[in-house]
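Take a look at the structure below.
Just so you know, ligand 1 is whichever comes first in the structure, and atom 1 is the first atom listed for that ligand. As a basis for the values below, the full set of heavy atoms in this structure was taken, side chains included, without hydrogen atoms, waters or symmetry mates.
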Amino acid sequence: MGELSGKKVLVTGGAGFIGFHLCKKLSDLTSNLTIYDNLSSGKIENVQDVPQAKFVKGDILDLKTLLSQDKADLIYHLAAQVVVPYSMENPLEDFGTNAKGTVHVLEKARKDDAKIVFASSAAVYGNPTQLPTSEDYGFHPFSCYGLSKVVGEEYCQMYHEQYGLDVTIVRFANVYGLRCHGVIHDFLDKLAKDPNRLEIIGTGLQSRDFVHVSDVVDALITVGSSGSVNGKTYNLGYGKTTKIIDLAKMMLTILDLQDKTVITTTNVSWQGDIHTIWFNIDKAKKELNWNPKVPLEDSIKEVIAARKLK
Ligand SMILES: NC(=O)c1ccc[n+]([C@@H]2O[C@H](COP(=O)([O-])OP(=O)(O)OC[C@H]3O[C@@H](n4cnc5c(N)ncnc54)[C@H](O)[C@@H]3O)[C@@H](O)[C@H]2O)c1
């Protein structure tokens, strides 16, 4: 792994879930870290828990403020509108943040001649017919969110090819861990309200590749410090897929609720919901020497313990 020490690092979306864990780790590696976040879904506690970082409450759509930030050597671009159903109801806003916002961040990288790491998503594959899905499967987005991430990726490639910008794209599967949002927290919220019933949105047969945030952060640090990932794209998942109904059963067993809680399904899911996410992670394993370590069950216990539900 190369050196980050002394590097000036800017993290957009650093007050969010993944951003927080990344910044926590980065703050051990460099003394020059800036979090740039408009706190639309990010939390001020996440910023306060990384006291070594400079915090700028700013919007990536505010180009003037973004460009006026101190010169960066490395930019992690995580800021985004991240909710698929919201993207279907508000495609223009989703496009603005994720597509135009990404071009703004690329402009900042171009001005500073900084290396940039772009956070993309499994949503660019849509409903893949190739499972597990590898990086070369191609774009088949199934939601406005997926499409805006495709546009972000394409701009990253364009800046790489035409301006020689040092760009790496990472596609996340379903990242989870302490402070996360998403299905694990939704289930815990529902069970906190009513432990007798757990409603799954959709059939429950939809399936996800859950990867722990600590594993994702390890890969992000490797990518940010490596000189050999320029222009490359990596899938970051666990390389395994779990049906949502099995996740629900696993959680109920951990909570000793398996005999008490009735699982129900709505059968109809939200627009843009993907059936199966299952990443082929051979490329990241080989080229980044990265091996996700944290199994799902262990860390669900960690998330539950943190919520004091058991
Ligand atoms: N969590 C996952 O499972 C997952 C999966 C695939 C891709 N991703 C991608 O990873 C990145 C981080 O996701 P996350 O789960 O931490 O989400 P998050 O919502 O916790 O973090 C996103 C952050 O971006 C900030 N933000 C949003 N719009 C902004 C704007 N216009 N200007 C400045 N800041 C803005 C939010 O306030 C928030 O802090 C996103 O790009 C997301 O699309 C996440």
Nitrogen or oxygen atoms of [X] and ligand 1 under 3.5 Å apart:
X    : value
A122 : no
H181 : yes
K43  : no
K149 : yes
G19  : no
S121 : no
N38  : yes
F17  : yes

Problem - Hydrophobic cluster of L63, others only, ordered by chain and residue number, side-chain cut-off 4.5 Å - result: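 Noted: L63 shares its cluster with L67.
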Handout entry: Which residue and heavy atom of the protein sit nearest atom 23 (C) of ligand 1, plus the separation
Key =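 Among all protein heavy atoms, the one nearest atom 23 (C) of ligand 1 is G13 CA, 3.6 Å.
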Problem - Pi-cation contact, F279 with R171 (under 6.0 Å, within 45°) - result: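 Geometry flag: not set, cation outside 6.0 Å or 45°.
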Practice task
Look only at the side chain of Q81 and the backbone of P91, and say whether a donor-acceptor pair between them is shorter than 3.5 Å.
Solution key: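 Checked: no pair found.
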Handout entry: Side-chain donor-acceptor contact under 3.5 Å, Y176 with S299
Key = yes
Exercise for the section: Go through the side-chain N and O atoms of Y125 and N235 and say whether any donor and acceptor fall under 3.5 Å apart. Expected result: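 Yes.
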Given [options], which has its nearest heavy atom closest to [atom]?
atom                    : options         : result
atom 11 (C) of ligand 1 : T12, I277, L78  : L78
atom 3 (O) of ligand 1  : V82, I18, V175  : V175
atom 5 (C) of ligand 1  : C180, A173, S41 : A173

[X] neighbourhood, listing ligand 1 atoms whose heavy-atom distance to it stays under 4.0 Å:
X    : value
N174 : 3 (O)
T97  : 28 (N), 31 (N)
G42  : 36 (C), 37 (O), 38 (C), 39 (O)

Handout entry: Residue pairs, two or more places apart or on separate chains, that pass salt bridge (charged side-chain N to carboxylate O under 4.0 Å, His left out) and touch residues 267-280
Key = R208-D273
